[in-house]
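In what follows, every heavy atom counts, from backbone to side chain, and hydrogens, waters and symmetry copies are set aside. Note that the structure is a prediction, hence the values are computed from the model and not measured.
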Amino acid sequence: MEGRTLRREHYYLLVFIVLLACLAAYRASHITLDCSIFLSMAHHMQQGRLLYTGIWDNKPPLTYLLYFLAYSLFPDVRVVHLLRFMAFGFTGLTLTLVLIRRKDDIKTIVLTMVPALLLLHCLNEQNCSADLLGLCCFLAFWVAAIYFRSWAVASFFAALAVLCKEPFCLVILPWLIQGFWALSESVDSEQLKRRRLGMFFAFLLPNLIFLAYLLATGTFNDYLYTLAVNFAYSQRKTSQSIVGFFLFSSTTGQRLILPLLIFMLYQLVIAWPEGKTEDGVLLFGLVMSAIALSLAKRDYLNYSVMAFGPIVLALHKLLCTTLEELTKKEWKVRKVVPTLFLAYFASLWILLGIMVYQQQSVAVDFLGWDYWNSYRKNAMFQYLETRVRQGDGLWLPYGGLYWLYPALNQLSPTAMHFYFTSVHGRPNESSRKKLLHYYAEVRSNPPKYIIDGGTDETAILLAEPVMRSWLLKNYKKVVKKKSNGDQLVLWQHL
């Protein structure tokens with residue numbers, strides 16, 4: 001396909017895939033843990049607290065800024081669902097555009113995108129996670145490079161992906177290197193130097209702005225500490241080796257990477273297409289995606305969303321290769337190998353479809369009242385909705401209910417938000433001082449209500465003798481409620 005031209009049938013295809021992606025975005029209507037924290041961060045930022053000073057969590061800034069923008073436009077906890085539908089639609093749109101340029105065959109694109117969206121539906125455990133927002137920035141990087149031929153703009157989106165989640169720097173690295181060298185194909189040496197500098201500066205600019213903000217607010221060392229703690233915590237949570245992670249993991253996204261790596265290696269070694277570098281870059285991308293996943297907490301499906309782009313490109317390559325080989329009359333090994341790989345993935349997708357069918361109703365109810373207002377069924381929300389007043393103050397060591405802050409228009413007495421990981425991920429003297437500091441913040445600005453959850457996080461936080469004695473002296477236990485299987489206790493200030 002020449003230039004950036006799209007034919008009429010491509011637009012029909014894009015509309016179909018976007019609608020299908022929005023359907024795939026349908027998931028459980030409750031507000032999940034990570035998104036509850038992001039939503040609360042956005043609420044506190046809207047109330048005037050500065051990121052990493054007045055309110056703090058352990059992730060890069062862009063996810064919070066995107067939630068802040070969305071929450072400012074639509075100040076309601078249900079914005080998490082809108083963000084998810086928008087992210088899925090954008091993912092479907094941009095990935096389809098990329099596949100159109102790789103091989104302009106609508107049949108293979110549809111056969112790739114339908115199961116890919118089913119996979120994304122299964123991987124996306126959160127409402128709209130940092131992984132999903134980072135994926136959108138990553139795909140915008142591809143579209144800017146392919147359709148607008150601007151590696152500077154593409155590099156800017158690459159930096160935004162990293163500012164959503166740090167491991168994206170590994171996932172996106174092969175295509176950044178490809179773009180750096182691709183600039184030399186059509187420009188002279190002087191122009192090449194300027195364009196490469198532009199690409200380099202475009203990638204650095206968002207990161208430099210973030211660095212300047214950390215230095216200006218005096219939180220640079222704290223942010224480095226958080227990165228170190230997150231890595232230590234993720235390694236502590238790992239229960240198997242790197243090899244075991246890829247060979248024996250029960251999560252769908254993680255099982256996909258190893259066979260795709262083998263297939264792409266086969267393509268390069270056995271069936272090398274003359275004049276092609278895309279397969280080599282894609283193989284490099286899968287390897288870096290595997291490394292990125294190995295650095296993250298490997299317990300959760302949504303972390304595999306980081307590798308979704310390279311996985312879909314490899315699946316599309318597998319499908320196209322298999323169909324091309326099957327159309328040939330002669331019977332060769334080159335026909336058998338991709339067919340076996342495709343059969344493996346076809347059986348996997350059948351199991352995925354059965355699982356999705358069994359776990360939720362076929363009737364999609366995301367247009368109904370129950371889906372968009374399910375948070376109102378929460379027992380603690382129902383109890384507090386008519387009792388809490390603006391300015392009362394609320395403290396929630398229990399992260400899964402952080403959406404109560406915006407839902408009830410309350411503020412946390414502490415600057416650190418979900419600090420369990422940061423404090424207990426790497427227990428030492430420094431983390432102990434931080435924990436005592438958080439407790440002091442609560443005692444110096446006591447909220448009217450404290451919700452004690454039945455999780456390990458809360459048990460650790462309120463097991464401190466000094467905190468327990470202060471709580472029993474100044475608060476009374478007023479009600480017990482269950483939320484998502486957890487026993488919650490509401491304490492009210494005397």
Exercise for the section: Could you tell me whether K165 sits above the aromatic face of Y303, with NZ or CZ closer than 6.0 angstrom to the six-membered ring centre and within 45 degrees of the axis? Expected result: yes
Exercise for the section: Sort out for me which residue in V312, L93, T94 forms a side-chain contact (heavy atoms from CB on, under 4.5 Å) with L139. Expected result: T94
Practice task
May I ask you to decide whether D57 forms a salt bridge with K59, counting only side-chain N to carboxylate O separations under 4.0 Å?
Solution key: no
Practice task
Compare all side-chain heavy atoms of Y405 with those of V77 and state whether any distance is below 4.5 angstrom.
Solution key: no
Under 3.5 Å, sequence neighbours excluded: what are the donor-acceptor pairs made by side chains of residues 38-45?
residue : atom : partner : partner atom : Å
S40     : OG   : H44     : ND1          : 3.4
S40     : OG   : H417    : NE2          : 2.6
H43     : NE2  : Q410    : O            : 3.0
H44     : ND1  : S40     : O            : 2.8
H44     : NE2  : S412    : N            : 2.9

Exercise for the section: To the nearest 0.5 angstrom, please state how far the CG atom of L66 sits from the SG atom of C136. Expected result: 9.0 Å
Handout entry: Side chains of R84 and V80 in contact at under 4.5 Å (non-hydrogen atoms)
Key = no
Exercise for the section: Flag the pair W56 / T219 as yes when at least one side-chain heavy-atom distance between them is below 4.5 Å, and no otherwise. Expected result: yes
Exercise for the section: Could you tell me whether F200 atom CZ has more than 12 heavy atoms of other residues or ligands within 6.0 Å of it? Expected result: no
Exercise for the section: Taking salt bridge (charged side-chain N to carboxylate O under 4.0 Å, His left out) as the test, write out the residues that go with D34, two or more places apart. Expected result: none
Exercise for the section: Take the angle between the ring planes of Y52 and Y64 and call it parallel below 30°, perpendicular above 60°, tilted in between. Expected result: perpendicular
Practice task
Evaluate the side-chain proximity of F168 to F141: yes if any heavy-atom separation is below 4.5 Å, no if none is.
Solution key: no
Exercise for the section: Could you grab the distance from atom OH of Y223 to atom CZ of F210, nearest 0.5 Å is fine? Expected result: 4.0 Å
